[in-house]
Colleague: 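Sharing a structure, written as structure tokens. Questions coming.
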Amino acid sequence: MAPMSDATRPVTTDPATLVARAVPEKVSLEGIEDRWAATWQEQGTYAFDRSKSREQVYAIDTPPPTVSGSLHVGHVFSYTHTDVVARFQRMRGAEVFYPMGWDDNGLPTERRVQNYYGVRCDPSLPYVEGFVPPHEGDAGGGKSARDQVPVSRRNFIELCVRLSGEDEQQFEALWRRLGLSVDWSMTYQTIGEHARAVAQAAFLRNLARGEAYQAEAPGLWDVTFQTAVAQAELEARDYPGFFHRVAFHRPDGLPVHIETTRPELLPACVALIAHPDDERYQALFGTTVTSPVFGVEVPVLAHPAAEPDKGAGIAMCCTFGDLTDVQWWRELQLPTRSVVGRDGRLHRDTPEWISSSSGRAAYDELAGKTTYSAREAVVGQLRAAGDLDGEPVATQRKANFYEKGDKPLEIVTSRQWYIRNGGRDENIRAALMARGAELDFNPEFMRVRYENWVGGLNGDWLVSRQRFFGVPFPVWYPLDDAGEPDHDHPIVPDESALPLDPASEVPAGYSPEQRGVPGGFAGDPDVMDTWATSSLSPHIAGGWLADPDLFSRVFPMDLRPQAQDIIRTWLFSTVVRSHFEHGTLPWAHAAISGFILDPDRKKMSKSKGNVVTPMDLLVEHGSDAVRYWAASAKLGTDAAFEVGQMKIGRRLAIKVLNASKFALSFGDSPLDVPLDPTLVTDPLDRAMLAGLAVVVDGATAALESYDHTRALELTESFFWTFCDDYLELVKDRAYGAGGREAGTAAAQSLADTSADSPADALAHTLAHTLAGARSARAALGLALDVLLRLFAPVLPFATEEVWSWWRTGSVHRQQWPDAATLRTVAAGADPAVVTAAGTALAALRKVKSEAKVSMRTPLLSVTLALPAALRPGIEAALTDLRAAGRVTGTLELLDDEVDVPVAMAAELGESEPRS
RNA sequence: GGGCGAUUGGCUCAGUGGUAGAGCGCCUCGUUCACACCGAGGAGGUCACUGGUUCGAUCCCAGUAUCGCCCACCA
């Protein structure tokens with residue numbers, strides 16, 4: 001049961017007045033997560049108030065985790081960073097818009113649904129009402145495509161939403177336990193109806209403005225997945241190959257040698273190309289040569305992209321072997337002679353440009369072969385023709401792969417949808433570069449990744465995919481009399497009809513019977529790239545189109561938190577969409593988290609079997625402890641997975657509980673720890689609060705610049721000094737007249753006081769003792785109040801626990817502490833007083849530590865040698881120092897040439913018996 | 001090949017143009033009435049290397065090495 005709901009305790013709403021709540025006898029972190037997560041949910045602690053204006057809102061574009069995978073410690077790490085920001089902003093007074101999305105769109109979900117339910121998507125099928133899948137469960141699904149039952153796209157999406165829903169519950173449970181201060185009433189799915197409508201509407205608007213277009217063009221193609229792939233999804237990998245030195249023939253019969261790793265593309269050769277300044281080939285420019293085996297005449301051309309020191313210095317340009325080929329083809333206006341098909345095999349029909357009978361015969365041997373087999377065949381043919389110079393030489397080359405694929409990409413010509421991104425337009429590129437310059441990257445050095453990427457784009461953003469599952473392009477094409485689609489005149493729907501599936505829905509003015517027949521219509525068969533949806537996350541989360549009122553209050557957003565490896569994809573594509581749709585950045589700040597490295601300093605990955613389940617981690621160490629570990633790592637810096645750091649976090653959380661319990665324990669109830677600033681009169685107490693004011697300033701500035709580690713470090717180091725030194729110094733005084741040391745303190749004070757009569761002296765002393773106790777208690781209360789707020793973003797559970805013992809409401813809805821208030825209470829005191837007294841106390845402890853006696857052992861007399869600079873501070877806290885050091889006799893201060901106070905001539909008494 | 005980051009005690013990391021910091025681990029001591037999921041004290045580092053600037057460099061500059069990452073690299 002949550003303490004907050006205990007109706008028997010008196011409650012007051014005046015924040016300046018203390019509530020007599022109970023401090024537990026024994027404090028513990030056990031069960032703290034469940035208790036407070038439930039309370040926060042009940043009380044709507046993190047509910048977003050949508051009546052607030054854009055200026056009052058701090059909006060976060062939370063990354064939607066992929067639900068088809070599982071969460072790992074890297075997620076816990078980076079999401080904690082975001083939550084710290086959210087909590088800080090909330091306490092600063094902002095209304096924090098912190099939604100959570102689930103990314104259930106894309107290939108991983110498609111595969112998982114196929115296996116889980118034993119189905120596959122076939123967009124040509126009609127929707128079946130109440131469809132029951134043949135299997136359910138990870139173990140029972142169809143293993144091969146043959147066993148899978150084909151279903152319509154709509155049925156497939158329904159199954160996806162269903163399966164994702166189950167995963168999402170587990171994800172949410174984890175996030176709640178971690179303490180993310182998300183408003184759980186605002187979640188979205190990237191394959192959900194709203195997200196699909198947003199993606200389709202945004203696309204139609206891009207299309208209407210000319211930012212989206214269709215083109216038949218050479219593009220990267222994955223032969224395994226049978227889909228086009230975007231530049232952003234490329235991954236360069238090492239790939240073994242062979243250099244083949246091959247002779248082309250000049251009209252005079254002399255050979256021109258080129259080197260190639262892809263001889264199977266010889267029939268696709270359209271030119272030989274060398275650098276314009278390359279002396280060796282000057283005479284050849286403008287002439288033609290014939291290809292070996294196939295006997296096709298091709299020109300020798302000059303182009304600056306040819307590199308004289310690569311291979312033979314003269315390259316065979318084929319359509320298409322690589323992206324340089326595409327560049328040459330485009331810039332030199334070369335013909336298209338494609339031989340590799342979408343299935344990764346050479347075309348079955350012999351190309352018409354191979355005219356010689358021997359060449360056609362040679363091609364016949366290649367027709368239908370995979371590129372790998374064709375390569376072997378061509379090498380044989382070259383060798384037989386005597387045009388292979390020497391034997392192939394093994395080489396390690398880099399080839400482009402689709403990130404999820406395992407075969408090198410081919411370049412094939414196909415009709416695809418593109419969105420302009422500056423890759424082919426300098427004005428757009430410059431505008432997007434400028435957007436990047438506007439964005440506040442944290443850390444700053446991440447900006448270069450954006451700039452490198454935008455600067456290096458070599459084509460527009462390919463957004464269509466030849467997959468079945470995803471958001472369909474909401475267009476149809478009229479069919480001509482021959483039944484061929486007219487791609488230049490797509491039929492578009494009204495935005496109000498979205499989302500829709502052109503495979504099952506019919507465009508206005510047509511009837512269902514006209515689908516696929518001459519004179520009728522056909523739906524666009526493709527779906528959108530996953531980034532085409534993700535790039536609209538602010539729109540999806542913010543209710544664009546569906547809820548314009550909400551959108552106006554949250555967009556443009558404040559923060560995009562994300563991982564460093566998707567700057568080129570998610571971050572950039574979001575900037576593109578927002579730039580076109582709104583002419584603004586989608587958010588003002590980006591917070592880029594690093595990766596988690598395993599102990600071998602490698603990126604944590606499942607395949608290495610070193611992934612720790614996040615829930616286990618939270619259960620074992622406690623959420624605050626894990627959050628502490630995460631919050632100890634700077635943005636943008638890769639961090640080690642360090643259990644030790646979590647243990648430190650746990651220790652800190654426990655210390656917060658224990659120290660708070662102690663600070664609230666003086667007197668009969670927490671009521672005796674008043675939050676009345678006027679009671680703070682003691683110089684040591686004022687000095688402590690002055691030091692805390694410095695911490696508040698530093699932590700606030702750090703958090704404002706997204707430096708949560710600095711804020712935590714400042715707070716933490718103050719807190720430990722507060723516990724080890726300040727608390728120890730003041731505890732006897734704080735007990736006051738009723739405290740166990742009262743007699744000693746009073747007697748000592750009496751001895752120090754020059755009064756006219758013993759009676760006056762006693763009255764004076766008692767008053768003084770009472771005032772001192774009040775000062776200490778008030779200072780402890782004020783400090784605790786501020787410390788709990790400072791820790792709240794990182795340790796939401798422990799701080800809330802303590803808050804509940806003592807105060808009303810949630811600490812997470814309190815104002816961030818204000819240094820000016822503390823300074824007023826501190827009344828100009830110097831924080832150095834605490835430091836000075838602390839070092840003096842350490843010197844006294846050292847005497848006992850070296851004598852190997854208990855810290856309770858009294859010091860009958862002692863002389864402290866100290867640097868003169870520390871004298872004023874130590875004198876100001878002398879009474880407290882005597883009490884904390886159990887100095888029963890004389891304590892003499894002696895200025896000396898030392899760095900820190902050193903106890904000399906110490907006389908130890910007998911250890912006190914236990915009372 | 002271009003770029004970004006890192007290199008500080010055994011480990012994980014702070015940090016500053018002027019005598020090097022924390023926590024963990026280690027050693028010693030202390031069952032102390034907030035805390036044994038504890039406390040006190042201590043040992044431990046030529047701040048990767050080589051030059052340069054400077055009165056003075058761990059810090060600034062240039063270069064080298066190693067590690068990680070991003071981009072380019074298929075002739």
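Below, read A as the first sequence line, B as the second, and so on, with proteins coming before strands; counting in each chain starts at 1.
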Colleague: Sticking with atom P, work out how far B:U19 lies from B:A57, rounded to a whole angstrom.
Modeller: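 These two P atoms come out 10 Å apart once rounded.
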Colleague: Kindly check if the number of other-residue, nucleotide or ligand heavy atoms within 6.0 Å of OH (A:Y372) is above 12?
Modeller: no
Colleague: Measure from the side chain of A:N658, starting at C-beta and using heavy atoms only, and say which of B:C35, B:G42, B:G23 lies closest.
Modeller: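 Output: B:C35.
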Colleague: Tell me: CD1 of A:I567 to P of B:G5, nearest whole Å?
Modeller: 13 Å
Colleague: Provide the distance between the two P atoms, one in B:G23 and one in B:C38, to the nearest whole Å.
Modeller: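 Their P atoms lie roughly 14 Å apart.
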Colleague: Just the rounded figure in Å: distance from C1' of B:G41 to CG of A:L841.
Modeller: 12 Å
Colleague: Do NZ/NE/NH1/NH2 and the carboxylate oxygens of A:R262 and A:E410 come within less than 4.0 Å?
Modeller: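 Answer for the salt bridge query: yes.
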Colleague: Select one nucleotide: of B:C74, B:U12, B:A72, the one nearest the side-chain heavy atoms of A:R262.
Modeller: B:C74
Colleague: So which nucleotide does B:A40 pair with, by the Watson-Crick or G-U wobble rule with both distances under 3.5 Å?
Modeller: B:U28
Colleague: Between A:E30 and A:R650, does at least one N-O distance fall below 4.0 Å, as a salt bridge requires?
Modeller: yes
Colleague: Mind checking if A:E642 touches a base, just sugar-phosphate, or nothing, with heavy atoms under 4.0 Å?
Modeller: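 A:E642: backbone/sugar contact only, no base atoms under 4.0 Å.
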Colleague: B:U32, B:A75, B:C4: which one has an atom nearest the side-chain heavy atoms of A:S854?
Modeller: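 Nearest listed nucleotide: B:U32.
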Colleague: Now, which nucleotide makes the Watson-Crick or G-U wobble pair with B:A20, with each of the two distances under 3.5 Å?
Modeller: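 Paired with B:A20, as far as the under-3.5 Å criterion goes, is no nucleotide at all.
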Colleague: At 4.0 Å (heavy atoms only), tell me whether A:A842 reaches a base, stays on the sugar-phosphate, or touches nothing.
Modeller: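 The answer is sugar-phosphate, as A:A842 gets under 4.0 Å only of primed atoms, P, OP1 or OP2.
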Colleague: What's the closest nucleotide to the A:K731 side chain, out of B:C69, B:A34, B:C4?
Modeller: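 My answer, after comparing the listed nucleotides, is B:A34.
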Colleague: Between B:U32 and B:C59, how far apart are the C1' atoms? Round to whole Å, please.
Modeller: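 Result for the C1' pair: 43 Å, nearest Å.
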Colleague: If I pick the C1' atom on B:A20 and the same atom on B:U28, what distance separates them, to the nearest angstrom?
Modeller: 25 Å
Colleague: If I pick the P atom on B:A22 and the same atom on B:G45, what distance separates them, to the nearest angstrom?
Modeller: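 That atom pair is separated by 14 Å.
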Colleague: Between B:C37, B:A75, B:U12, which nucleotide gets closest to the side-chain atoms of A:E30?
Modeller: B:C37
Colleague: Categorize A:Q231 for me: base, sugar-phosphate, or nothing, with a 4.0 angstrom heavy-atom threshold over every strand shown.
Modeller: sugar-phosphate
Colleague: Quick one: does A:R650 reach the base of B:C37 with a side-chain donor-acceptor pair under 3.5 Å?
Modeller: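 When only heavy-atom distances are counted, A:R650 does reach the base of B:C37 through a donor-acceptor pair under 3.5 Å.
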Colleague: From the set B:C70, B:C73, B:A34, return the single nucleotide nearest to any side-chain atom of A:N452.
Modeller: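 Closest nucleotide to the A:N452 side chain: B:C70.
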Colleague: Listing time: all N or O pairs from protein to nucleotides 14-22 of chain B that are below 3.5 Å?
Modeller:
unit_1, atom_1, unit_2, atom_2, d
B:A14, OP1, A:K634, NZ, 3.4
B:A14, O2', A:E713, OE1, 2.8
B:A14, O2', A:E713, OE2, 2.8

Colleague: Is there a Watson-Crick or G-U wobble partner for B:G5 with both distances under 3.5 Å, and if so, which one is it?
Modeller: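 Its partner is B:C67 (Watson-Crick or G-U wobble, both distances under 3.5 Å).
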Colleague: Is atom CE of A:M904 surrounded by more than 12 heavy atoms (other residues, nucleotides or ligands) closer than 6.0 Å?
Modeller: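 Atom CE in A:M904 is not packed in, count stays at 12 or less.
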Colleague: Looking only at side-chain N and O atoms, does A:K846 come under 4.0 Å of OP1 or OP2 in B:G42?
Modeller: yes
Colleague: With heavy atoms under 4.0 Å as the rule, sort A:C723 into base, sugar-phosphate or nothing.
Modeller: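 Touches a base.
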Colleague: Which nucleotide in the list B:G42, B:A34, B:A40 gets nearest to the side chain of A:A659?
Modeller: B:A34
Colleague: Under 4.0 angstrom, heavy atoms only, what part of the nucleic acid is A:S28 near: base, sugar-phosphate, or nothing?
Modeller: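 Here A:S28 touches no strand at all.
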Colleague: Reckon A:A305 touches a base, only the sugar-phosphate, or nothing at all at heavy-atom distances under 4.0 Å?
Modeller: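 It contacts base atoms.
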Colleague: If the C1' atom of B:U7 is compared with that of B:U64, how far apart are they to the nearest Å?
Modeller: 13 Å
Colleague: The side chain of A:I654 is closest to which nucleotide in this list: B:G39, B:C37, B:C74?
Modeller: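 Nearest to the side-chain atoms of A:I654, counting from C-beta on, is B:C37.
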Colleague: Can you tell me the distance, in whole Å, between the CZ atom of A:F719 and the C1' atom of B:A34?
Modeller: 10 Å
Colleague: Below 3.5 Å, does any donor atom in the side chain of A:E850 face an acceptor in the base of B:A40, or the other way round?
Modeller: no
Colleague: In this structure, how many angstroms lie between the P atom of B:G23 and the CZ atom of A:F718, rounded?
Modeller: 17 Å
Colleague: With sugar-phosphate meaning primed atoms plus P, OP1 and OP2, does A:E716 contact a base, only sugar-phosphate, or nothing at under 4.0 Å between heavy atoms?
Modeller: nothing
Colleague: For A:W629, which contact category applies under a 4.0 Å heavy-atom criterion: base, sugar-phosphate, or nothing?
Modeller: nothing
Colleague: Is there a side-chain contact between A:D732 and A:D880 in this structure, where contact means two heavy atoms from C-beta onward sitting under 4.5 Å apart?
Modeller: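 No, too far: nothing below the 4.5 Å cut-off.
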Colleague: A:F441 CZ to B:G5 P: how many Å, rounded?
Modeller: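 Taking CZ of A:F441 and P of B:G5, I get 14 Å after rounding.
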Colleague: By the 4.0 Å heavy-atom rule, please label A:K655 as base, sugar-phosphate, or nothing.
Modeller: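 Base, at least one base atom sits under 4.0 Å.
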Colleague: If you measure from the C1' atom in B:C13 to the same atom in B:G25, how many Å do you get, rounded?
Modeller: 14 Å
Colleague: Judged by each residue's nearest nucleotide on RNA chain B, which is more toward the 5′ side, A:K661 or A:D725?
Modeller: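 This one resolves to A:K661.
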Colleague: In whole angstrom, give the distance that lies between atom CG of A:L729 and atom P of B:A40.
Modeller: 12 Å
Colleague: If you assign A:M855 and A:A399 each to the RNA chain B nucleotide with the nearest heavy atom, which residue ends up on the more 5' nucleotide?
Modeller: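 Between the two, 5'-proximity favours A:M855.
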Colleague: Scan A:A633 against the nucleic acid and name what it touches under 4.0 Å (heavy atoms): base, sugar-phosphate only, or nothing.
Modeller: nothing
Colleague: B:C69, B:C33, B:A72: which one has an atom nearest the side-chain heavy atoms of A:R856?
Modeller: B:C33
Colleague: Looking at B:G42, B:C38, B:U28, which one has an atom nearest to any side-chain atom of A:R651?
Modeller: B:C38
Colleague: I'd like to know if the side chain of A:R429 and the backbone of A:L457 have a donor-acceptor N/O pair within less than 3.5 Å.
Modeller: yes
Colleague: Decide if atom CZ of A:R845 counts as having more than 12 heavy atoms of other residues, nucleotides or ligands within a radius under 6.0 Å.
Modeller: yes
Colleague: What's the CD-P distance between A:E307 and B:A72, to the nearest Å?
Modeller: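 To the nearest whole Å, that distance equals 15 Å.
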Colleague: Go through the structure and list residues passing salt bridge (Lys or Arg N to Asp or Glu O under 4.0 Å) with A:E444, not counting sequence neighbours.
Modeller: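 Once residues adjacent in sequence are excluded, the partners of A:E444 under the salt bridge (Lys or Arg N to Asp or Glu O under 4.0 Å) criterion are A:R447.
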Colleague: Using a 4.0 Å heavy-atom cut-off across all strands, classify A:G644 as base, sugar-phosphate, or nothing.
Modeller: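 The answer is nothing, as A:G644 stays clear of every strand by at least 4.0 Å.
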Colleague: Rounded to whole angstrom, note down the P distance from B:G44 over to B:G9.
Modeller: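 Taking atom P in both B:G44 and B:G9, they lie 15 Å apart.
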Colleague: Give none if B:C60 has no partner; otherwise give the nucleotide forming a Watson-Crick or G-U wobble pair with it, both distances under 3.5 Å.
Modeller: B:G52
